[in-house]
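Read the structure below first, then the notes.
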Amino acid sequence: MKKFYFFLLIGLPMGAMAQNSCATALPVGAGTYTVSAVNGPGFPTVICAANGNTNVTAGEWYTYTPSTNYTVTLTTDLPGSAGIDTRFHVYTGTCGALVCHSGDDDGGSGLTSIATFSAMAGTTYTIAFDNRWSSAGFDFQLIENPYVEPITPPVDFTATPVTISGSYSLATVDMNGDYLDDIVTVSGGSIQILYQQAGGGFSTVTYTTTNNGYLPSWSLAVGDIDKNGFNDIVYGDGSGVTFMKANASGTGYTESFTSEYVFSQRTNFSDINNDGHLDAFVCHDVDPNVYYINDGAGNLTYGQGGMGDHTEGGNYGSIWVDYDNDGDSDMFIAKCRGGGSTAAIDELHRNNGDGTFTEVAATANMANGFHQSWSAAWNDFDNDGWMDALVGASSSAEGTHKLMKNNGDGTFSDVTAGTGWDTNPSLNIEHVSFDFDNDGFTDVLGGGNKIMFNNGDMTFSSVDYAFTNGSIGDLNDDGFLDVRNGGTIYMNSGNANNWIKINLQGIQSNGNGIGARIEIYGAWGKQIRDVRSGDGFKYMNTLNAHFGIGTATEIDSIYIKWPSGKVDHIIDPVINESLTVVEGSSPLSLLEVNGKKITLFPNPASDVITIDNLSLLNPVKVTVLSNIGTEVMKQDKNDPKLNISALADGLYIIIIETASGERYSQTFIKK
């Protein structure tokens, strides 16, 4: 018999099997309750929370029927649950036909669970706790908050089951180079991939692997470390790191691991030293962070320190992002450590461009301290061309969500107040940002079974859904991003908004184009994306760059700024399709008039650069932009010689505008 607090249910049948099955679920209301153990034989088979149904053999059941509309918070993030890994599901419908309404796994601190959902008067909601991770007892609390009317969902999601096997289903990403997102599940002796097929559906292949190393018990990341066209995998485990390398035909994987002890948290692939080859980075929970440098042949050498050296660790959610628009990837770490430790202060490591990094969180106003955050969602939320950050809270005990606006000068401002994040009670270890409704503004999937939709003015509105965090990709190639929880795909139903999906193939840069900056221009102005391997905390999401453009019917141009420094420029691309860009295939260039080429020479240059045959274009304006799009100088429209001696070394773009309204551009290097 489970004891409960705050009120007594008069006349409730108190048989020994109460709450051990859906049929004998115990009615509850607002209050705090104790579950002595999860041992009921009636375990839930409809899974609403993340991480599938593996090892689920028992359950505990409750029902809740409000008399008034409420916005309800259900949580096990309580002192009585400390150290217990809980998971729950919330349903509507009857026992024989349960329908997911909410649920959570690991949304609270210390692997506890928390979700916020709408509960309507007279509707019965069935709550099931399972033993996916633990059968130990815990406390839970049901809180009735004032009802907040949900906004009309800009998109719906439809639950679509798929058959998977294995313990760690953490990735939705292309694995075979066709740019269609696949489903990846890892077990002790196998890797199962559901390859997405052109035209729809999946083809399942299971590869047998050795099992001498570590499994992705904490996180997983994907990237092509040897440029053979097939993606490799890094597993982050509580004791060490394992790499699974795809063979030259993509028909098998070879395991490699090192003996160093690494309490892995977030794993990433990034070209740390910008030599054109992917390296690996792993957040270390209890020591300085570690990395694996690629020798160019896919061989990785272990290193430690220089990017997060706190002796207590506390490193959880690393994400590689070009926050200062200088063309290389910097790294932010969302930190988690309780008890007032300085290991809880977030870190921002600026890339110096030479393989070294400088910790600048304090001067950038990103040293959020003495809170608990396992991840941060980075994107340009206001479309001003600079990456902003939502640093997500994972525990109500210490800290709240923080929305940090990039000021464009190396600093950030806390703009949380009034954005919707200051009143969002939902916590989670996983926060990621994508444009789920293709309106041209990136949203955030975090805790509470909801998406925080970007209103386009740096404010956000929450919409409840029947799923929690999972891996994200386009699993039916319709241009709208789907969310996958284990063996269920929540297919995005889409809307009338237009979109483009951009796939990259690096040549001089790494093969996936990880670290590239993509910019699109149109009637809305500008949007940007960084290509990343490993955002949020544990999942691996698509490597394809998705842009929604709302009701706009065309894109003027796309700039792809590769890690190598090369820039590809695509004019007037087709919308509502995928665009694959090979590095160097569409270089910024001028043109030929009457058999005479308009060219730049010398290039590179140190003092003066000449635009040969400039007068043939009848120019009205000549400007020079930095590689981040900032105007750095103007030139007399009739003077073909540009004095660039005062410019810093780097990549620049010359823009020539003509009397007929045409616009031509070419890159050059100042050295």
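Treat the numbers as computed from the prediction; the structure is a model and nothing was measured.
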Residues forming a side-chain contact (heavy atoms from CB on, under 4.5 Å) with Asp382, sequence neighbours excluded: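 Asp382 satisfies side-chain contact (heavy atoms from CB on, under 4.5 Å) with Asp380, Asp384, Asp388, Lys405, Met458 only.
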
Are [X] and [Y] linked by a side-chain donor-acceptor pair shorter than 3.5 Å?
| X | Y | result |
| --- | --- | --- |
| Asn512 | Asn231 | yes |
| Asn379 | Ser433 | yes |
| Ser564 | Glu583 | yes |
| Asn469 | Asn428 | yes |
| Thr459 | Thr419 | no |
| Ser461 | Asn455 | yes |
| Arg529 | Thr442 | no |
| Asp439 | Asn497 | no |
| Asn449 | Thr468 | no |
| Ser318 | Arg266 | no |
| Ser270 | Asn268 | no |
| Asn365 | Thr411 | no |
| Lys335 | Asn315 | yes |
| Glu519 | Tyr521 | yes |

Could you list the residues that satisfy ring pair (Phe, Tyr, Trp, His ring centres under 6.0 Å) with [X], not counting sequence neighbours?
| X | value |
| --- | --- |
| Phe467 | Phe157, Tyr465, Tyr490 |
| Trp320 | Phe281, Phe357 |
| Tyr316 | Trp374 |

Under the side chain to side chain contact (heavy atoms under 4.5 Å, CB included) criterion, do Val463 and Val155 qualify, and how do the steps go? CA-CA 10 Å; Val463 177; Val155 288; over 6 Å; no

Measuring centre to centre across the rings, with the benzene-like ring taken for any Trp, is Phe441 within less than 6.0 Å of Phe453?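 No, too far apart.
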
Under the rule for salt bridge (charged side-chain N to carboxylate O under 4.0 Å, His left out), what residues qualify as partners of Arg517, not counting sequence neighbours?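 Counting only residues at least two positions away or on another chain, Arg517 forms a salt bridge (charged side-chain N to carboxylate O under 4.0 Å, His left out) with Asp530.
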
Only counting residues at least two apart or in another chain, list the ones meeting salt bridge (charged side-chain N to carboxylate O under 4.0 Å, His left out) with Asp477.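 Salt bridge (charged side-chain N to carboxylate O under 4.0 Å, His left out) check on Asp477 returns Lys501.
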
Counting only N and O atoms by type, is there a donor-acceptor contact under 3.5 Å from the side chain of Asn406 to the main-chain atoms of Phe412?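 Such a contact is absent between Asn406 side chain and Phe412 backbone.
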
Under a 4.0 Å threshold between the charged nitrogen and the carboxylate oxygen, would Glu430 count as salt-bridged to Lys538?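 No, Lys538 and Glu430 are not salt-bridged.
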
Looking only at heavy atoms, which two atoms of [X] and [Y] are closest? And how far apart?
| X | Y | result |
| --- | --- | --- |
| Trp562 | Ser509 | CB-OG, 3.5 Å |
| His431 | Ser375 | N-OG, 2.9 Å |
| Asn294 | Asp279 | N-OD1, 2.7 Å |
| Lys245 | Asp232 | CA-OD1, 3.3 Å |

